[in-house]
Amino acid sequence: MNISDLQIKLVPLMISVVVLTSFLLVGLLHKVRESSEYGLGGRSTGRLGSGAAIASNWMSAASFLGMAGFFYLYGYQALACVIGWTGGYVLLLILLAGQIRRFGKYTAPDFVGERYDSPTARLISAIISITISVIYCSAQFKGIGILFGWLFGVPYATAVTFGAVAVISYVVFAGSLGVMKNEQLQYTILIISFILPLMFLARKLGYFWILPQFGYGAALSQLSPEFRESFTLPFAGSSLFQWSALCFTLMVGTAGLPHVLSRFYIVPNIRDARWSVVWGLFFIALIYWSAPAYAVFARLLEFKSGEAVDPATARGMADMIVITAATKGGLPLWLVGILAAGGLSAAFATVSGLLMTGAASCSHDIYAGFLHPTASEYRKMRVAKGCTLLLALIVYLIAVNPPGLIVEITAVAFALAGNTIFPAFLLGIWWGRANRQGIITGMLLGVLVTFAAPLLGGIIPLVAVIFPITSSALCGAPLVILVTILVSLMTPPPPERIRRFLATEVHGHLD
Amino acid sequence: MNDKPWSEVNLLRPKKGYMGGEVVITLVILIGWGGATFGFQFLQKFLETTAAGENIFTRFTFFNLPLNVWFTGQFLPLWFVILCIIYNLYIDRLTERHSRTRYPYEHQ
């Protein structure tokens with residue numbers, strides 16, 4: 001490919017570069033000055049700022065691009081994602097947040113290893129956490145590839161290669177300079193870049209633009225009656241079981257996602273950590289109230305132009321629909337550029353966080369924790385750097401031929417978390433008798449259940465019905481919990497010091 | 001070595017005191033969470049008049065949205081925020097009450 005073949009959208013590209021560079025520069029300043037002067041940033045902002053950080057940590061290409069695309073395709077069925085990804089925070093708050101903080105272990109492998117007193121359980125949970133990161137990152141790479149394809153005017157395969165090089169450079173640069181994330185600032189930029197173009201789009205199309213989250217209802221009523229019915233009736237495209245399975249899977253997956261769980265240690269005290277969840281959830285909901293509007297406006301523009309989009313074509317363009325709606329709606333290129341920059345920022349931030357923590361887990365939990373316990377710090381650092389590149393390569397290879405929509409790929413990561421990490425935390429916190437034999441069996445069963453549809457669905461079709469690849473946790477998580485309980489009861493209890501610690505420090509700290 | 005008396009942690013048989021209060025509010029919130037989320041979908045299924053799910057909620061609109069879409073897509077996320085606020089207020093009071101019992105002089 002020659003440089004002349006590129007059809008670069010210069011203004012959006014420059015906006016994207018400026019936004020990403022500003023993250024790095026602010027991160028460097030943040031590192032030097034220890035926060036507080038930037039955006040919403042700093043300790044002085046307390047719960048509000050911590051909530052913005054929770055939301056920023058959460059925002060990814062799935063929220064920014066995938067959600068609208070899924071709603072564009074499936075209408076009401078896609079609301080399972082809105083509910084799953086917000087309702088999961090309720091589970092997280094009431095079942096785990098305060099308790100895991102009192103337990104005092106910072107990562108999923110650390111918690112599982114300590115609570116179940118088992119290096120094997122720790123190793124399994126580390127491998128699962130890394131797998132979750134890889135799957136999650138694959139969806140981000142797809143989003144980056146789509147946006148790079150639009151920015152540079154190149155086919156997806158080329159774009160994802162460009163994107164991979166850019167994001168790995170970003171990760172290496174940020175990592176080598178020790179850039180600290182200013183998540184409050186990131187959230188501010190993300191929410192503005194998502195909602196501002198939506199307000200302009202609603203205004204341009206003649207709808208209530210001050211709160212386009214409500215304004216899109218009028219646009220929905222202008223779609224053809226047949227399409228509107230299929231779009232909004234609850235079981236037009238799926239069954240009650242499919243809706244509930246997807247929703248429940250995303251909920252328990254949210255509560256079991258390693259990088260979400262570890263957020264609660266960053267806030268200074270438990271009370272602030274709990275209240276920051278309320279703000280975080282509100283900030284996340286702002287995006288999820290808005291995403292369906294992009295999808296409805298895209299459908300309306302198609303309907304008005306008389307454009308008949310067949311289902312296969314619609315699926316092919318779904319993950320791009322936020323940008324498509326803005327472009328077809330006649331928004332100026334700089335505004336679409338802001339939208340694209342927001343999507344890229346969300347994906348870059350997620351990838352950099354997950355790759356670095358995944359690589360750290362490879363080095364800390366697997367290499368130093370299991371293979372070479374006496375390894376030096378220098379050696380562990382080198383392993384972590386090598387693992388960053390290795391994980392990025394795996395992610396790239398998956399993303400070149402993406403196995404599904406951004407939301408579908410992401411949902412598999414949630415299903416894996418919901419079937420493995422969530423039961424390990426839930427039982428680990430709330431049932432002192434859960435032991436290492438139980439949880440090792442449970443986590444391995446959880447992995448099997450997550451991938452049962454592609455592995456066994458061809459031989460036993462019922463398996464693919466009960467454990468759909470994107471929604472396996474509705475039946476999977478209760479099954480894993482049940483098996484863990486049975487195996488635990490059939491084997492010796494965990495050491496007394498752990499059960500005592502759980503009773504007196506995690507649940508009896510004020511008795 | 002921690003020598004406080006202790007009994008096995010079990011969500012279904014919580015010990016009296018802080019954990020008992022924590023479990024009660026957790027169960028109440030879980031009912032509010034699951035009832036609104038899945039209960040509403042079951043209700044729609046129960047009331048459906050066509051295979052696609054047409055029901056009383058799909059016939060009315062709110063903010064120009066079919067009532068079922070408004071409830072699921074817009075109200076439920078707000079409901080989750082409300083549930084979290086209720087939980088936090090209750091836990092704050094519970095913590096305060098038990099802190100007073102345990103450290104009475106600090107609260108005089």
Side-chain angles (χ1 to χ4, degrees), chain A residues 75-76 79 82-83 86-87 89-91 93-95 98 213-221 228-230 232-237 240 243-244 247-248 251 271 274-275 277-278 281-282 284-285 288-289 292 429-433 493 497 499-511, chain B residues 1-2 4-12 14-19 22-23 25-26 29-30 32-33 37-38 41-42 44-45 48 50-55 57-58 61-66 68-70 72-74 76-78 80-81 83-85 87-88 91-92 94-95 98-99 101-102:
Chain A
Y76 190 88
L79 292 180
V82 172
I83 305 311
T86 48
Y89 273 90
V90 180
L91 286 185
L93 175 69
I94 66 174
L95 291 173
Q213 295 84 354
F214 294 112
Y216 78 90
L220 189 63
S221 64
R228 194 171 63 240
E229 277 199 0
S230 67
T232 59
L233 289 183
F235 310 116
L240 174 62
W243 194 98
S244 304
C247 184
F248 186 82
M251 282 173 162
R271 192 174 178 183
R274 278 192 285 102
W275 280 102
V277 174
V278 176
L281 182 53
F282 177 73
I284 290 166
Y288 292 165
W289 280 319
I429 290 292
W430 287 104
W431 191 44
R433 182 66 177 75
R497 70 176 169 82
R499 291 152 64 207
R500 176 188 289 271
F501 177 75
L502 209 57
T504 58
E505 300 304 320
V506 178
H507 291 288
H509 60 299
L510 288 178
D511 293 335
Chain B
M1 177 74 185
N2 184 350
K4 276 184 357 188
W6 66 283
S7 57
E8 193 84 86
V9 170
N10 188 337
L11 177 66
L12 302 178
K15 61 183 177 182
K16 286 180 184 167
Y18 186 85
M19 186 185 174
E22 202 177 31
V23 168
I25 187 65
T26 299
I29 299 292
L30 272 179
W33 164 87
T37 305
F38 300 105
Q41 312 309 321
F42 274 96
Q44 287 198 86
K45 188 72 187 168
E48 73 179 9
T50 64
E54 206 171 333
N55 61 63
F57 301 108
T58 63
T61 58
F62 194 65
F63 288 115
N64 288 309
L65 286 169
N68 64 321
V69 175
W70 174 81
T72 306
Q74 299 200 331
L76 279 181
L78 185 64
F80 295 146
V81 174
L83 287 178
C84 289
I85 291 173
Y87 176 82
N88 279 342
I91 290 292
D92 281 352
L94 188 71
T95 307
H98 283 268
S99 299
T101 312
R102 191 172 177 186

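Just so we're on the same page: letters track the sequence lines, and every chain starts at 1.
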field: For A:Tyr76, all residues meeting side chain to side chain donor-acceptor pair (under 3.5 Å), sequence neighbours excluded
entry: B:Gln41, B:Gln44, B:Thr72
statement: A:Arg271 meets the side chain to side chain donor-acceptor pair (under 3.5 Å) criterion, sequence neighbours left out, with B:Asp92
Heavy-atom proximity to chain A below 4.5 Å, by part of [X]:
{"X": "B:Leu12", "result": "neither"}
{"X": "B:Thr61", "result": "neither"}
{"X": "B:Phe62", "result": "neither"}
{"X": "B:Phe38", "result": "side chain"}
{"X": "B:Leu78", "result": "both"}

Where is the tightest heavy-atom contact between [X] and [Y], given as atom of each residue plus distance?
{"X": "A:Ile83", "Y": "B:Pro77", "value": "CD1-CD, 4.1 Å"}
{"X": "B:Ala52", "Y": "A:Leu233", "value": "O-CB, 3.5 Å"}
{"X": "B:Phe80", "Y": "A:Val90", "value": "CB-CG2, 3.6 Å"}
{"X": "A:Trp289", "Y": "B:Gln74", "value": "NE1-O, 2.9 Å"}
{"X": "A:Ala503", "Y": "B:Ser7", "value": "CB-O, 3.3 Å"}
{"X": "B:Tyr87", "Y": "A:Arg274", "value": "CE2-CD, 4.1 Å"}

Given that the side chain runs from C-beta out, which part of [X] has a heavy atom under 4.5 Å from chain B: side chain, backbone, both or neither?
{"X": "A:Trp243", "answer": "side chain"}
{"X": "A:Ile429", "answer": "backbone"}
{"X": "A:Leu240", "answer": "side chain"}
{"X": "A:Leu220", "answer": "side chain"}

For chain B, which of [options] has the most heavy-atom pairs under 4.5 Å?
{"options": "A:Val82, A:Val277, A:Thr86", "answer": "A:Thr86"}
{"options": "A:Pro493, A:Ser244, A:Ala285", "answer": "A:Ser244"}
{"options": "A:Ser221, A:Ala218, A:Gly87, A:Gly237", "answer": "A:Gly87"}

message: Working note: B:Lys45 + A:Phe235, criterion side-chain contact (heavy atoms from CB on, under 4.5 Å); need CA distance, chi angles, decisive distance, verdict.
response: CA-CA 8 Å; B:Lys45 188 72 187 168; A:Phe235 310 116; 3.7 Å; yes
query: Based on non-hydrogen pairs under 4.5 Å, which of B:Leu76, B:Asn68, B:Ile29, B:Thr95 is most in contact with chain A?
result: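 With the most close heavy-atom pairs to chain A, the winner is B:Asn68.
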task: Among B:Ile85, B:Ile25, B:Leu94, B:Leu30, single out the residue with the greatest number of heavy-atom pairs under 4.5 Å to chain A.
output: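 Looking at each of B:Ile85, B:Ile25, B:Leu94, B:Leu30 in turn, B:Ile85 comes out on top.
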Any side-chain heavy atom of [X] within less than 4.5 Å of one from [Y]?
{"X": "A:Leu79", "Y": "B:Val69", "answer": "yes"}
{"X": "A:Leu91", "Y": "B:Trp33", "answer": "yes"}
{"X": "B:Asn55", "Y": "A:Pro234", "answer": "yes"}
{"X": "A:Tyr216", "Y": "B:Asn64", "answer": "no"}
{"X": "B:Val9", "Y": "A:Arg499", "answer": "no"}

message: Between B:Glu8 and A:Arg433, does any NZ, NE, NH1 or NH2 come within less than 4.0 Å of an OD or OE carboxylate oxygen?
response: no
- request: Please round to the nearest 0.5 Å and tell me the distance separating atom CH2 of A:Trp275 and atom CG of B:Asn88.
  value: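 Between A:Trp275 CH2 and B:Asn88 CG, I get 4.5 Å after rounding to 0.5 Å.
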- request: Working to the nearest 0.5 Å, report the span between NE2 of A:His507 and NZ of B:Lys15.
  value: 8.0 Å
task: Check the pair B:Thr58 / A:Thr232 against side-chain contact (heavy atoms from CB on, under 4.5 Å), numbers first and verdict last.
output: CA-CA 8 Å; B:Thr58 63; A:Thr232 59; over 6 Å; no
